Amino acid sequence: MKGIIIFFSGTGNTEYMVKLICGEFQKRNIQCDLFNIENNETLKDEYDFYVFASPIHVEIFPNIFVDWLSKKLPEADNKRCIVLSTQASAVGYGGRQISKLLEKKGYNIVYVRSIPMPNNYYLGKFKATTEDKKIEMKNEAQNEAQAAVESFLRDDVYIEKESLYITELCKLVYKLYKPVLNNFAKKNLTVDYDVCIKCKKCEKGCPVNNIKFDEKIHFDKNCIACQRCVQKCPVNAFKYQGEHFNQLKL
Ligand SMILES: Cc1cc2nc3c(=O)[nH]c(=O)nc-3n(C[C@H](O)[C@H](O)[C@H](O)COP(=O)(O)O)c2cc1C
């Protein structure tokens, strides 16, 4: 039996989670590959099972992930799959959001779970996760990974309850909020050039090519606000409302 985990991760939380899941399968001598949707590869092999994972942005999965699934995920013949999200609060509405899409493509969803992870979007009214809570979340992520894999291997079905009404509402909110996300960097970020080392990691790492580094950093208007540039800058050169970020370290 071999499986694959197809994921998007803006700043590393989801990647951390999927590596735990992968480890749980491998501990049981089950082959499990990781597939990052940003690598621009096509899925060639057929797998016996699939795991889909992404962070939650504005309560649902971001377009970058859903678009990949809708355009690039091949059809399958009733393959069992797990759907996971990571988000700062207890619940995200990703499972319900993509269930129709996956079912239409021939995937049989048997496990849906939203897993709390540290908040990478602590701006305005959204608060950063405390250090104690981060440790708790990391430990809990390990338990979640084990529970997901065990449930899957027992052939159980576990679908987290997600209201259809709330999911539809979240989709609408995401749509309305999208222009704010697209302009996030352009409107809100400045760069401290006394600190910047011109390594261009932000430009190379941006999942939507929204950053151009030409002596100075220029942002375009197709940002998805994933926070990778600000969280992963090796010298923490970005500023929001004049203040440097308190970068999230897992
Ligand atoms: C633009 C944006 C919007 C977010 N919206 C929510 C949200 O609505 N609810 C929530 O619980 N977490 C939200 N988060 C927090 C992330 O879902 C969470 O930190 C996630 O684990 C990040 O995963 P990643 O590191 O793989 O990108 C948001 C993060 C971003 C960047």
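Start at 1 with the first residue, then count along the sequence. Keep in mind it's a predicted model, so treat the numbers as computed, not measured. Remember, it's 1-based here, ligands and their atoms both numbered in the order they're listed.
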Output field: ring centroids Y107/F52 closer than 6.0 Å: yes

Check: N188 and F238 side chains under 4.5 Å, non-hydrogen atoms: no

If you count only heavy atoms, which residues are under 4.0 Å from ligand 1? S9, G10, T11, G12, N13, T14, P55, I56, H57, V58, E59, T86, Q87, A88, S89, M117, P118, N119, N120, Y121, L181, A225, C226, Q227

What residues form a ring pair (Phe, Tyr, Trp, His ring centres under 6.0 Å) with F126, not counting sequence neighbours? Y121

Any side-chain heavy atom of I30 within less than 4.5 Å of one from F49? yes

Taking ring pair (Phe, Tyr, Trp, His ring centres under 6.0 Å) as the test, write out the residues that go with Y122, two or more places apart. none

List the residues meeting ring pair (Phe, Tyr, Trp, His ring centres under 6.0 Å) with F35, not counting sequence neighbours, and say none if there are none. W68

